[in-house]
Amino acid sequence: MKEMMKNIVYAGLGAAFLTKEKIEELQAEFIEKGKMSQEEGKQFVDELMSKSEKAKEQLNLWINRRVEEKVKQLNLATIDEVNELRRQIEELQVALNTQEKSE
């Protein structure tokens with residue numbers, strides 16, 4: 001029964017978006033209704049927080065991968081590529097200025 005309640009909570013609320021406050025509210029509600037003990041409540045909060053953090057990390061990784069794929073598809077320059085071009089332009093300007101002074 002306890003396992004089924006956890007699964008319903010995970011599915012119904014979306015573990016990636018649960019806040020610590022919301023999880024603690026759920027814990028208090030379950031304890032108040034006698035659905036779980038204080039120790040089970042603490043374990044419940046710890047498990048939900050862990051799953052929530054893992055889900056957030058996975059979501060962030062997924063989003064980052066999708067964004068990188070789209071940037072490549074659009075053939076957009078990355079910040080590193082733009083910075084490298086700026087560095088090369090500065091080097092060329094220095095070389096031109098040096099050449100002009102020596103003429």
Side-chain angles (χ1 to χ4, degrees):
M1 176 71 172
K2 182 174 65 170
E3 204 56 40
M4 186 176 80
M5 278 187 351
K6 286 181 190 178
N7 290 334
I8 290 170
V9 171
Y10 296 150
L13 297 176
F17 302 105
L18 289 176
T19 63
K20 184 170 174 57
E21 292 79 23
K22 184 64 178 172
I23 293 170
E24 287 172 348
E25 283 176 29
L26 288 169
Q27 172 199 17
E29 185 179 323
F30 288 152
I31 290 171
E32 184 178 301
K33 291 181 179 179
K35 305 257 185 205
M36 63 175 63
S37 68
Q38 287 285 351
E39 183 56 38
E40 288 172 328
K42 181 184 178 330
Q43 186 178 7
F44 175 73
V45 168
D46 292 344
E47 285 178 27
L48 269 178
M49 287 302 298
S50 175
K51 288 186 181 203
S52 178
E53 287 303 313
K54 286 178 186 175
K56 286 176 188 176
E57 290 171 12
Q58 289 175 345
L59 180 61
N60 281 334
L61 286 173
W62 183 85
I63 289 171
N64 287 338
R65 284 189 201 124
R66 298 296 88 71
V67 169
E68 287 174 8
E69 289 171 4
K70 293 301 173 193
V71 167
K72 286 180 184 177
Q73 287 176 355
L74 295 171
N75 201 26
L76 299 175
T78 65
I79 292 173
D80 290 339
E81 291 169 333
V82 171
N83 287 337
E84 175 61 21
L85 288 172
R86 285 183 179 145
R87 188 191 62 75
Q88 290 176 4
I89 290 169
E90 287 174 7
E91 285 180 7
L92 288 171
Q93 286 174 330
V94 168
L96 278 173
N97 288 340
T98 303
Q99 185 180 13
E100 288 175 359
K101 287 181 183 177
S102 66
E103 291 179 354

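Fair warning: this is a prediction, and the values are worked out from it, not measured in the lab.
One finds the CG atom of Asn97 at 11.0 Å from the CG atom of Leu92 (value rounded to the nearest 0.5 Å). Atom-to-atom distance recorded for Lys72:NZ and Thr78:OG1 is 10.0 Å, nearest 0.5 angstrom.
A salt bridge does not link Glu90 with Arg87: every distance from a Lys NZ or Arg NE/NH1/NH2 to an Asp or Glu carboxylate oxygen is 4.0 Å or more. Between Arg66 and Glu69, at least one side-chain nitrogen of the basic residue sits less than 4.0 Å from a carboxylate oxygen of the acidic one, meeting the salt-bridge criterion.
Note on Leu74 and Ile63: same hydrophobic cluster, where clusters join Ile, Leu, Val, Met, Phe, Trp and Tyr whose side-chain heavy atoms are under 4.5 Å apart, directly or indirectly. Hydrophobic cluster membership differs between Val67 and Leu61, with clusters built from Ile, Leu, Val, Met, Phe, Trp and Tyr side chains linked at under 4.5 angstrom.
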Exercise for the section: With side-chain contact (heavy atoms from CB on, under 4.5 Å) as the test, would you mind laying out the steps for Asn83 and Arg86 before giving the verdict? Expected result: CA-CA 5 Å; Asn83 287 337; Arg86 285 183 179 145; 3.4 Å; yes

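Other residues, nucleotides and ligands place no more than 12 heavy atoms under 6.0 Å from the CD1 atom of Ile79.
Residues that satisfy the salt bridge (charged side-chain N to carboxylate O under 4.0 Å, His left out) test with Glu81, not counting sequence neighbours, are absent from this structure.
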